[in-house]
Amino acid sequence: MATPHTPTAPAQGPASDTATHCPYCALQCAMSLRPAPGGAVTVVERPDFPVNRGALCGKGRTAPALLSSRVRLTEPLIRSHATGALEPATWEEALDAVADGLARTGRAYGPDAVGVFGGGGLTNEKAYALGKFARVALGTSQIDYNGRFCMSSAAAGHQRAFGLDRGLPFPLEDIPRTGCVILVGSNLAETMPPALRYLTELKENGGTLIVVDPRRTRTAEQADLHLAPRPGTDLALALGLLHLVVAEGRTDEEFIAGRTTGWDEARAAAMAHWPELVERLTGVPVPKLREAVRMFCAPESAMVLTARGPEQQSKGTDTVSAWINLCLATGRAGRPLSGYGCLTGQGNGQGGREHGQKADQLPGYRKLTDPAARAHVAAVWGVDPDSLPGPGRSAYELLDALGGDVRALLLMGSNPVVSAPRASHIEERLRSLDFLAVADVVLSETAALADVVLPVTQWAEETGTTTNLEGRVLLRRRALTAPPGVRSDLEVLHGLAARLGHGKGFPTDPEEVFEELRRASRGGPADYSGIDYARIAAEDGVFWPCPEGAAGTPRLFLDRFATEDGRARFVAVAHRDAAEVPDAEYPLLLTTGRVVAQYQSGAQTRRVDELNAAAPGPYVELHPRLAERVGAVEGEPLVVVSRRGRAVAPARITDAIRADTVFMPFHWPGEGRANSLTNPALDPVSRMPEFKVCAVRIHPA
């Protein structure tokens with residue numbers, strides 16, 4: 001049945017229902033768009049799609065509201081030298097200005113003075129084209145994307161242990177059939193509501209759920225066991241559980257001997273984290289640690305699923321490795337209904353890094369430093385392998401370099417003014433650029449700083465593929481004609497490349513781009529060569545890796561891991577403190593996260609009336625004991641101060657959070673911007689910033 005939400009939309013709508021996918025999170029829930037009066041569209045459920053089975057959250061249901069000309073950009077804007085304001089311009093003027101700004105900077109300071117910053121919401125085609133544009137048309141190494149802030153630590157952990165990174169090595173449908181799930185740092189009930197049914201069905205089938213979160217979230221309330229560690233101590237918790245597994249004789253010695261390497265070192269590291277020490281570090285009582293081990297080891301199969309909680313830390317990669325070690329030591333990997341998986345956040349966070357937006361990767365998840373990978377991709381692109389630049393800076397390091405080594409920036413589909421750590425500093429760096437061009441659907445806080453703003457098409461106005469958290473490659477279909485004055489990102493890149501002397505090699509047709517992507521990925525770890533649009537449509541998505549002629553791979557590692565010897569690798573890790581711990585001046589911990597009605601930086605969802613009514617603004621969540629101690633009053637403004645900045649938002653008092661911790665959602669700009677406070681300390685492997693823990697103090701405004 002169609003939902004009652006019928007937003008204003010462009011005048012030319014579809015003639016019949018168009019099957020497509022939600023533009024938001026990595027579930028990529030299926031939906032259809034049905035014609036409505038006045039050229040609008042209405043969202044209709046698609047219960048046959050296996051991921052969401054028809055269920056949609058409020059964001060997906062109201063997604064067509066963003067198609068309205070009332071809330072979006074519909075013409076290019078150029079900043080006037082006379083007035084300093086952004087003023088309407090023609091597309092030719094805007095593209096000329098962007099090409100000139102990028103080329104002028106490159107000539108004056110060298111190609112690496114030009115940066116490119118992408119987004120985890122871009123389709124595979126756009127992510128691929130953007131990476132190619134940076135390396136071929138601009139010749140710069142300075143490209144990364146906001147997916148670095150999403151699951152880079154999990155990706156690094158996957159690579160170290162298994163030799164291959166795919167968010168989930170199994171389809172979501174396996175989750176209800178396993179015996180136990182440990183869910184670490186994820187509030188699925190609010191971040192991916194349609195996925196909560198998998199945990200509900202797990203329990204209905206007799207399985208158990210353990211949730212690790214410093215807050216008693218709506219998801220934690222569903223758990224058979226809730227562990228609430230101090231933020232920044234997830235690594236110690238995982239090591240403590242592995243210690244108990246060894247001490248209680250619960251290891252799977254046959255699996256360890258036959259399918260892994262590195263166990264002796266990993267075991268020795270874990271044994272240094274005895275239960276009483278872990279209790280002191282984490283605040284989780286020893287009896288709860290023992291109960292978690294019993295629940296995880298009792299059934300024949302079990303899984304560990306992590307999200308941003310343990311990953312967005314300066315030791316996120318080691319934390320992921322510790323949870324993977326727990327799976328390997330108990331034989332819960334490389335077997336049916338078992339394994340470690342990461343719940344990807346952004347809509348195409350998986351595909352976005354597989355095909356060239358990430359600073360160190362080429363299409364097909366190839367390494368930029370691998371001569372064979374460079375030769376293969378260069379042959380597809382028709383360039384000399386030696387002309388391809390080497391690896392560049394990671395996302396935060398790139399943003400931090402703006403106005404210094406990097407003097408001009410092309411940004412597509414991201415809003416770092418709100419989403420980056422130490423956001424006040426990043427806003428200053430963006431303002432210091434010689435030239436900034438932004439391509440976006442709306443005038444985000446970052447676009448408002450640009451010299452040129454390019455209005456681009458969005459999900460319902462273009463065709464393209466995304467790769468969801470299972471590694472399932474999906475097809476979004478065009479249902480509407482974009483308003484006059486709006487062009488696709490592929491058309492933008494084509495126009496800029498032509499002006500920069502690369503008239504060929506940047507097609508505007510997404511299927512043509514995907515065909516080239518298939519060739520570029522052939523033989524790589526993320527091989528898409530056996531996938532095409534017709535097959536995706538016929539099969540409701542195809543799992544990669546899928547070489548030409550293959551059936552796709554819903555379940556990885558059942559026969560061997562993707563390492564040279566086919567064995568999974570234990571990684572010996574040890575607990576270390578967060579980059580910043582509480583002290584007399586900043587005695588509390590801040591952690592951040594999302595709410596159900598908003599998404600990421602809120603640039604789009606904050607423009608939807610229904611979503612704003614449900615979540616109108618930021619807040620500071622704190623425990624009643626802490627509130628009493630500092631004099632905080634429910635609903636009254638509370639000031640949160642870190643070493644990097646200050647935020648003010650209403651107090652929300654609840655016993656669902658630890659008394660030494662405060663929580664803020666990060667969707668809003670202005671004085672309630674949570675990322676004014678967060679710490680950009682980076683994980684040494686993944687270069688993930690430490691969003692999830694920093695030291696703060698609070699007082700009433």
Side-chain angles (χ1 to χ4, degrees), residues 149 214-215 229-233 283 308-309 312-314 396 399-400 415-431 445-446 577-595 598 601-602 615-682 688-701:
F149 300 158
R215 303 165 61 222
R230 185 175 295 111
T233 64
R308 306 302 79 76
Q312 286 182 326
Q313 298 185 30
S314 60
Y396 181 79
L399 295 172
D400 188 43
N415 188 19
V417 166
V418 179
S419 63
R422 198 185 173 198
S424 299
H425 170 71
I426 296 306
E427 182 175 347
E428 291 173 3
R429 303 320 311 146
L430 285 159
R431 291 181 184 277
E445 287 73 21
T446 304
D577 284 335
E580 190 174 80
V581 296
D583 57 20
E585 188 177 2
Y586 299 96
L588 301 169
L589 292 167
L590 168 72
T591 192
T592 63
R594 287 170 47 188
V595 297
Q598 301 289 353
S601 76
Y619 58 87
V620 182
E621 187 177 280
L622 71 163
H623 192 276
R625 291 202 301 273
L626 177 58
E628 183 178 5
R629 191 166 81 234
V630 302
V633 177
E634 177 75 24
E636 293 298 313
L638 193 64
V639 179
V640 186
V641 183
S642 78
R643 289 179 172 84
R644 289 152 297 281
R646 175 180 186 272
V648 184
R652 183 174 293 185
I653 300 171
T654 172
D655 64 1
I657 189 169
R658 293 176 55 98
D660 58 2
T661 301
V662 296
F663 166 84
M664 289 188 71
F666 57 72
H667 310 289
W668 289 273
E671 69 173 8
R673 181 173 60 185
N675 278 319
S676 295
L677 307 165
T678 49
N679 192 350
L682 300 180
M688 168 74 84
E690 192 151 58
F691 286 99
K692 281 295 185 277
V693 53
C694 69
V696 298
R697 64 173 182 263
I698 63 174
H699 62 83

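Just so it is clear, the values below take in all heavy atoms, side chains as well, and ignore hydrogens, waters and symmetry mates.
Applying the salt bridge (Lys or Arg N to Asp or Glu O under 4.0 Å) test to every pair with at least one member in residues 690-701, sequence neighbours left out, gives these pairs: Glu585-Arg697.
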Sequence neighbours excluded and cut-off under 3.5 Å, please list the side-chain donor-acceptor pairs for residues 417-427, or say none.
{"from": "Ser419", "atom 1": "OG", "to": "Asn415", "atom 2": "O", "distance (Å)": "3.1"}
{"from": "Ser424", "atom 1": "OG", "to": "Arg673", "atom 2": "NH2", "distance (Å)": "2.9"}
{"from": "His425", "atom 1": "NE2", "to": "Asp400", "atom 2": "OD1", "distance (Å)": "2.6"}
{"from": "Glu427", "atom 1": "OE1", "to": "Arg673", "atom 2": "NH1", "distance (Å)": "3.0"}
{"from": "Glu427", "atom 1": "OE2", "to": "Arg431", "atom 2": "NE", "distance (Å)": "3.4"}
{"from": "Glu427", "atom 1": "OE2", "to": "Arg431", "atom 2": "NH2", "distance (Å)": "2.9"}

Side-chain donor/acceptor pairs under 3.5 Å, residues 661-671, sequence neighbours excluded:
{"from": "His667", "atom 1": "ND1", "to": "Gln600", "atom 2": "O", "distance (Å)": "2.8"}
{"from": "His667", "atom 1": "NE2", "to": "Val595", "atom 2": "N", "distance (Å)": "3.0"}

Review item, side-chain donor-acceptor pairs of residues 622-639, under 3.5 Å, at least two apart:
{"from": "His623", "atom 1": "ND1", "to": "Arg625", "atom 2": "N", "distance (Å)": "3.1"}
{"from": "Glu634", "atom 1": "OE1", "to": "Ile653", "atom 2": "N", "distance (Å)": "2.7"}

Can you list, pair by pair, the side-chain donor-acceptor contacts under 3.5 Å of residues 644-651, counting residues two or more places apart and other chains?
{"from": "Arg644", "atom 1": "NE", "to": "Leu677", "atom 2": "O", "distance (Å)": "2.9"}
{"from": "Arg644", "atom 1": "NE", "to": "Thr678", "atom 2": "O", "distance (Å)": "2.9"}
{"from": "Arg644", "atom 1": "NH1", "to": "Glu580", "atom 2": "OE2", "distance (Å)": "3.1"}
{"from": "Arg644", "atom 1": "NH2", "to": "Glu580", "atom 2": "OE1", "distance (Å)": "2.9"}
{"from": "Arg644", "atom 1": "NH2", "to": "Leu677", "atom 2": "O", "distance (Å)": "3.1"}

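Residues Ala695 and Val581 approach most closely at CB-O, 3.8 Å, considering heavy atoms. Nearest heavy atom pair, residue Pro587 against residue Pro582, reads O-CB, 3.4 Å.
Note that the CG atom of Leu590 and the CD1 atom of Ile698 stand 10.5 Å from one another [nearest 0.5 Å]. Taking OG1 from Thr592 and CD from Gln312, the interatomic distance works out to 6.0 Å, rounded to the nearest 0.5 Å.
When the side-chain hydrogen bond (donor to acceptor under 3.5 Å, both in side chains) test is applied to Arg429, the partners found at least two apart in sequence or on another chain are Ser432.
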